[in-house]
A.B. asks: 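Here you go, one structure.
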Amino acid sequence: ERSRSTWQGYQAQKSEGRQSGANEALSREQYYRFESELQDAITGKLIQRTAVNNSSSGGTFAGLSGVQAAERRLRLLIGLPITDSVMIRPSDEPSTAPITFDWDSITLEAMQLRSELQQQRLTVNRRQMELLAARNFLMPQLDLLSIYRVRGLDQQFAGDNSALQQLGDFDFQEYEAGVELVLPVGFRQGHAAVRHAQIQIARDKAILREQERQILHDLTATVADCDRAYAQVETNLNRYLAASDALDALEANRQAGLPVNLEQLLDSQRRVSEAESRYHLSLSEYAVATKNVHFEKGTLLQFA
């Protein structure tokens, strides 16, 4: 809108013969430059070729950035129609407040809440139970044996004085009791099972330590990126304010009828536009960095 106003002002001066056509052309060129950047920011620009089903299955170009391109991806994820008359956007503005994370607290949350760590700890506990079961093979096996049975000893199976009749009379009964001790020589099977269980425990504990180290590394990186993003928010805000002050001074001189260099005015407009865009981009980066911290410490759903 600033570039449109400047262009219209020089266009009016050109029609009145007070300005040359070069000034009007330069201001008109800048207006259409900003218009082109605005269109790309809204609809997205096709830059990167599709690798594997990246936005389409036919090998077309993939759209990068752009408000509408991001909204279409969001509609696909949450199952809404791909087009309607409503633009989906966050209901609140990005936060500009500084966020300070307590390192001890967030590391404790990450170690307790990350699902992969919980799953790996359960795996380690299972391996420990397997080791306990394997150690049972290193113990001698002592069994108490007892037998009681009734026999029928006649030559005939059925009828008078038959085997079935003797079974019913309980004439021939047997009792047996004993103890059986099994003591394998060398306990080779038991030692092999114990050694295998110990190796499995060592392996799963090493995986758990590596997962914890990786999570702490990623958490440190995201916290550092959050600090960087907030510093960028402050820096780009100061840059935008400085560029706006410079442009306001030139606009005030131009409205007062003082001579103003057109190229300096157009350059100031570009600086304000770039600084404002970079400021809002840094706000988005700060919001994403804050989200990444909650993801790394396992509290993303709690703060979503």
Side-chain angles (χ1 to χ4, degrees), residues 1-16 18-47 63-71 87 89-100 222-293:
E1 293 302 317
R2 285 190 294 263
S3 63
R4 182 202 295 271
S5 177
T6 302
W7 170 37
Q8 291 175 348
Y10 279 98
Q11 188 178 31
Q13 293 179 9
K14 174 186 175 183
S15 62
E16 296 173 0
R18 293 184 298 162
Q19 288 286 347
S20 64
N23 292 340
E24 184 273 337
L26 284 175
S27 60
R28 173 160 43 94
E29 183 273 335
Q30 175 147 295
Y31 165 72
Y32 285 113
R33 172 186 176 181
F34 288 155
E35 179 71 18
S36 174
E37 293 177 355
L38 175 62
Q39 292 171 353
D40 288 339
I42 294 177
T43 61
K45 185 165 56 174
L46 301 179
I47 299 177
L64 299 180
S65 69
V67 175
Q68 293 179 348
E71 190 215 20
M87 169 67 73
R89 56 156 293 166
S91 59
D92 53 354
E93 297 297 327
S95 174
T96 58
I99 300 177
T100 302
T222 54
V223 171
D225 186 64
C226 187
D227 295 337
R228 176 207 63 81
Y230 181 74
Q232 285 291 319
V233 169
E234 291 186 323
T235 301
N236 288 307
L237 176 61
N238 293 328
R239 173 189 174 187
Y240 169 59
L241 294 177
S244 298
D245 291 342
L247 179 60
D248 291 341
L250 292 175
E251 290 287 354
N253 292 337
R254 186 170 70 90
Q255 293 177 3
L258 299 176
V260 175
N261 185 281
L262 176 60
E263 293 184 358
Q264 185 180 8
L265 177 62
L266 298 181
D267 181 68
S268 296
Q269 290 181 351
R270 283 194 296 270
R271 290 177 182 274
V272 171
S273 177
E274 293 172 358
E276 187 176 7
S277 299
R278 190 66 189 86
Y279 169 65
H280 288 287
L281 180 60
S282 61
L283 285 178
S284 300
E285 292 176 352
Y286 183 47
V288 172
T290 305
K291 180 267 299 180
N292 289 338
V293 174

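Because the structure is predicted, anything quoted here is derived from the model rather than measured.
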A.B. asks: Would you name the heavy atoms of Leu283 and Ser95 that are closest together and state the gap between them?
C.D. replies: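 Nearest pair, atom of Leu283 first, then Ser95: CD2-O, 4.1 Å.
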A.B. asks: Strictly distance-based, threshold 3.5 Å: is any side-chain N or O of Ser244 a donor or acceptor partner for the main-chain N or O of Tyr240?
C.D. replies: yes
A.B. asks: Can you give me the closest heavy-atom contact between Gln269 and Arg2, atom names plus distance?
C.D. replies: NE2-O, 3.5 Å
A.B. asks: Which distance, rounded to the nearest 0.5 Å, do you find between the OG1 of Thr6 and the CZ of Arg4?
C.D. replies: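 These two atoms lie 11.5 Å from each other.
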A.B. asks: What class does the angle between the rings of Tyr286 and Tyr230 fall in, given that below 30° is parallel, 30 to 60° is tilted and above 60° is perpendicular?
C.D. replies: tilted
A.B. asks: Taking all heavy atoms of Cys226 and all of Ala289, pick out the closest pair and write down the distance.
C.D. replies: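 Residues Cys226 and Ala289, closest heavy atoms: CA-CB, 3.7 Å.
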A.B. asks: For the residue pair Arg89 and Glu71, establish whether any side-chain heavy-atom pair is separated by less than 4.5 Å.
C.D. replies: no
A.B. asks: Less than 4.5 Å apart, side chain to side chain, heavy atoms only: is that true for Glu251 and Leu265?
C.D. replies: yes
A.B. asks: How long is the straight-line distance from OG1 of Thr222 back to NZ of Lys291, given to the nearest 0.5 Å?
C.D. replies: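 Between atom NZ of Lys291 and atom OG1 of Thr222 there are 10.5 Å.
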A.B. asks: Using modelled atom types only, decide if a donor and an acceptor are shared between the side chain of Ser282 and the backbone of Tyr279 within a distance under 3.5 Å.
C.D. replies: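 Such a contact is found between Ser282 side chain and Tyr279 backbone.
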A.B. asks: Please answer whether the main-chain N or O of Val288 pairs with a side-chain N or O of Asn292 as donor and acceptor at a distance below 3.5 Å.
C.D. replies: yes
A.B. asks: Can you tell whether the side chains of Arg278 and Glu285 come within less than 4.0 Å, N to carboxylate O?
C.D. replies: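 Looking at Arg278 and Glu285, the cut-off is met.
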A.B. asks: Report the distance from atom CG of Leu250 to atom CG of Asp245, rounding to the nearest 0.5 Å.
C.D. replies: 11.0 Å
A.B. asks: Could you walk me through whether Gln68 and Met87 satisfy the side-chain contact (heavy atoms from CB on, under 4.5 Å) test, starting with their C-alpha distance in whole Å, then the side-chain angles of each, then the deciding distance to 0.1 Å, before giving a yes or no?
C.D. replies: CA-CA 8 Å; Gln68 293 179 348; Met87 169 67 73; 4.0 Å; yes
